[in-house]
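One structure below.
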Amino acid sequence: MPASYAYLGPEGTFTEVALRTLPEAATRQLIPYVSVQSALDAVRTGEAEAAFVPIENSVEGGITATLDELVAGTPLMIYREVLLSITFALLVRPGTKLSDVKTVSAHPAAQPQVRNWLKANLPDAVWESAASNADAARLVQEGRYDAAFAGEFAAARYGLEALETEIHDAENAQTRFVLVGRPARPAAPTGADKTSVVLWQRDDHPGGLRDLLGEFATRGINLMVLQSRPTGAGIGNYCFCIDAAGHISERRMAEALMGLKRICRDVRFLGSYPRADVTAAQVRTPLPGTSEDEFMAAAEWVTRCQDGRF
Ligand SMILES: O=C(O)C(=O)Cc1ccccc1
C-alpha cells in the first residue's frame, strides 16, 4: 500500500483540489479526515506520512485551527505550500429555488468571502458553520441545511446543483495550504524559499516585538506574515507565527534564527520550503553586508581570527 497523505475532507474540498496539484500526491493514497486536527493527529501518530491543510486566507487571514495545532503539541514541520484561487458556488438539492433557502453552511473562513453576496441575495438566511465547505455540501445532501458555499466541483460528488457560481466578495481571493509532516531535514534550498517559525518572548518589555523583528531586519530578511496567537496563559499572552523569506541553510537565516534563539523564551522551527509564488527571496540589497557571500565571508573571517590566521 502506498504511503498516505491525510487532508481536510470530506471528498470535494478546496483542500483536496489544492493537494492534487502536488506531483507527489499522485503516488500517495489520499485520505480525507473530518478536521484539521484529526488530519494532523494522523501524522503525529504515524498513521499518515503527511497532512495537507489550509493555513491562510487572503481575505480572512490565518486559519486558526491549523496555526494552533502547529504552535502546540508534538512538533511538526511544513514541507510544501500551495496557493489556490477560490470562488464559491451556492450548492442546493436539485429543484431548490433561491427563495427556498433559509439556512446556508460553509467553513467559517468562507464567510468573509461571501458576506456581501449573502446580504444582497439571501439577507435572512441563517449561517451554520461546517467543518469544511465539502462537509457543508454533504450536510445539504442529508437535508440538514438548504444550501452550501463550496467549490462547484463538489456538486456532482454530493448530488447537488449550483444555483449560482463565481461568488466572491473580494477579487483574486486566495487560500494557502501546507503539507505538514514529522520533523526531518528540510528540502534543499531552491533560491525562492520561505521559513516559518513560532516565537515566544522571554518577558514583556517596551520594544519587545521590535527586538524580535530586528533579528530579521538587520540581516536584510523580508517578512511575509506575522500573526499573533494567544498562548492560553491569560489576556496579553501571545506567541508570534512568522513567515520569512529565505531558507535555514542560508547563512543569514541561520544567524537570524540563532539570534532569536538567544533572546526568546522559545523558538519553534516550522520548516523551510519552496515558495508557491516563486519570487526569489527578497534580500534588501540597499542594506550593506547582507548578501549570502558577505555572511559567508564574515563567518570565515571570524573562524580565521579564532584560529589566529588573519
Ligand atoms: O478546503 C475546504 O473546502 C475548506 O473548507 C477549507 C477552506 C475554507 C475556505 C476557503 C478555502 C478552503
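Numbering of ligands and ligand atoms starts at 1, following listing order.
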With Y79 via side chain to side chain donor-acceptor pair (under 3.5 Å) - residues at least two apart:
none
In terms of the angle between their ring planes, are F177 and F52 parallel, tilted or perpendicular, with boundaries placed at 30° and 60°?
parallel
Got a second to check how far T15's OG1 is from L30's CG, nearest 0.5 Å?
12.0 Å
Which distance, rounded to the nearest 0.5 Å, do you find between the CZ of R229 and the CG of L70?
11.5 Å
Give a table of atom pairs where an N or O of ligand 1 lies under 3.5 Å from a protein N or O.
| residue | atom | partner | partner atom | Å |
| --- | --- | --- | --- | --- |
| ligand 1 | 1 (O) | F14 | N | 3.2 |
| ligand 1 | 1 (O) | T15 | N | 2.8 |
| ligand 1 | 1 (O) | T15 | OG1 | 2.6 |
| ligand 1 | 3 (O) | F14 | N | 3.0 |
| ligand 1 | 3 (O) | N133 | ND2 | 3.1 |
| ligand 1 | 5 (O) | N133 | N | 2.9 |
| ligand 1 | 5 (O) | N133 | ND2 | 3.1 |

Residues in ring pair (Phe, Tyr, Trp, His ring centres under 6.0 Å) with W127, at least two apart?
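Partners of W127 under the ring pair (Phe, Tyr, Trp, His ring centres under 6.0 Å) test: none.
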By the ring pair (Phe, Tyr, Trp, His ring centres under 6.0 Å) test, which pairs, at least two apart or in different chains, include something from residues 216-235?
none
